[in-house]
K.L.:
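One structure, as structure tokens, below. Some questions next.
In what follows, residues are counted from 1 in the order of the sequence shown. Since the model is a prediction, treat every value here as computed from it, not as a measurement.
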Amino acid sequence: MDVILYWSASFALLCFAVGMGCAAVRTVRGPTAQDRILGLDAMYIQGMLIMLVFGIRSGTGVYFDIALLIALFGFVGSTALAKFLLRGEVIEP
């Protein structure tokens, strides 16, 4: 692996980890439920990006599949939480 790519991927991992830490603080301290959901959205996006950078660094496709699963489950979870906040129920009778 090229030295520049290695160091840039390491810097990107550090930035994503800091972003995930800030999102975790927002999730814990958020004064409203909307702030907590926004923090969870940011955390799953940061987790997906971390998996993508790991995939670039290692050169295997397994991390890309994991990132796709994180994105799918994160989207479904965000949609369910938003629907619960708006209507009070996730599955309508």
K.L.:
What residues form a side chain to side chain donor-acceptor pair (under 3.5 Å) with Thr60, not counting sequence neighbours?
P.N.:
Ser58

K.L.:
Partners of Ala12 by side-chain contact (heavy atoms from CB on, under 4.5 Å), sequence neighbours excluded?
P.N.:
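Checked Ala12 against side-chain contact (heavy atoms from CB on, under 4.5 Å); matches are Phe16, Val53.
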
K.L.:
Heavy-atom distance under 4.5 Å between the side chains of Leu52 and Tyr63, does that happen here?
P.N.:
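Side-chain contact under 4.5 Å: no.
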
K.L.:
Is it the case that more than 12 heavy atoms not belonging to Ile4 sit under 6.0 Å from its CD1 atom?
P.N.:
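Not more than 12 within 6.0 Å, no.
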
K.L.:
Counting only heavy atoms from other residues, nucleotides and ligands, does the tally under 6.0 Å from CZ of Phe11 exceed 12?
P.N.:
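Result for CZ/Phe11: open.
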
K.L.:
Can you list everything that forms a side-chain contact (heavy atoms from CB on, under 4.5 Å) with Asp65? Sequence neighbours excluded, please.
P.N.:
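Checked Asp65 against side-chain contact (heavy atoms from CB on, under 4.5 Å); zero matches.
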
K.L.:
Do Phe64 and Leu68 share a hydrophobic cluster (ILVMFWY, side-chain heavy atoms under 4.5 Å, transitive)?
P.N.:
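Different clusters.
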
K.L.:
With rounding to the nearest 0.5 angstrom, report the CZ to CG distance, Arg29 to Asp35.
P.N.:
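The CG atom of Asp35 is 11.0 Å from CZ of Arg29, to the nearest 0.5 Å.
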
K.L.:
May I ask you to list the residues sharing a hydrophobic cluster with Phe73, side-chain cutoff 4.5 Å, ordered by chain and number?
P.N.:
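Taking Ile, Leu, Val, Met, Phe, Trp and Tyr as members, Phe73 shares its hydrophobic cluster with Leu69.
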
K.L.:
Measuring only between side-chain heavy atoms, which start at C-beta, is Phe54 closer than 4.5 Å to Leu13?
P.N.:
yes

K.L.:
With sequence neighbours left out, what residues match Arg87 under salt bridge (charged side-chain N to carboxylate O under 4.0 Å, His left out)?
P.N.:
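By the salt bridge (charged side-chain N to carboxylate O under 4.0 Å, His left out) rule, Arg87 matches Glu92.
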
K.L.:
Give the table of side-chain donor-acceptor pairs shorter than 3.5 Å for residues 38-51, with sequence neighbours excluded, one pair per line with atom names and distance.
P.N.:
| residue | atom | partner | partner atom | Å |
| --- | --- | --- | --- | --- |
| Asp41 | OD1 | Ser78 | OG | 2.2 |

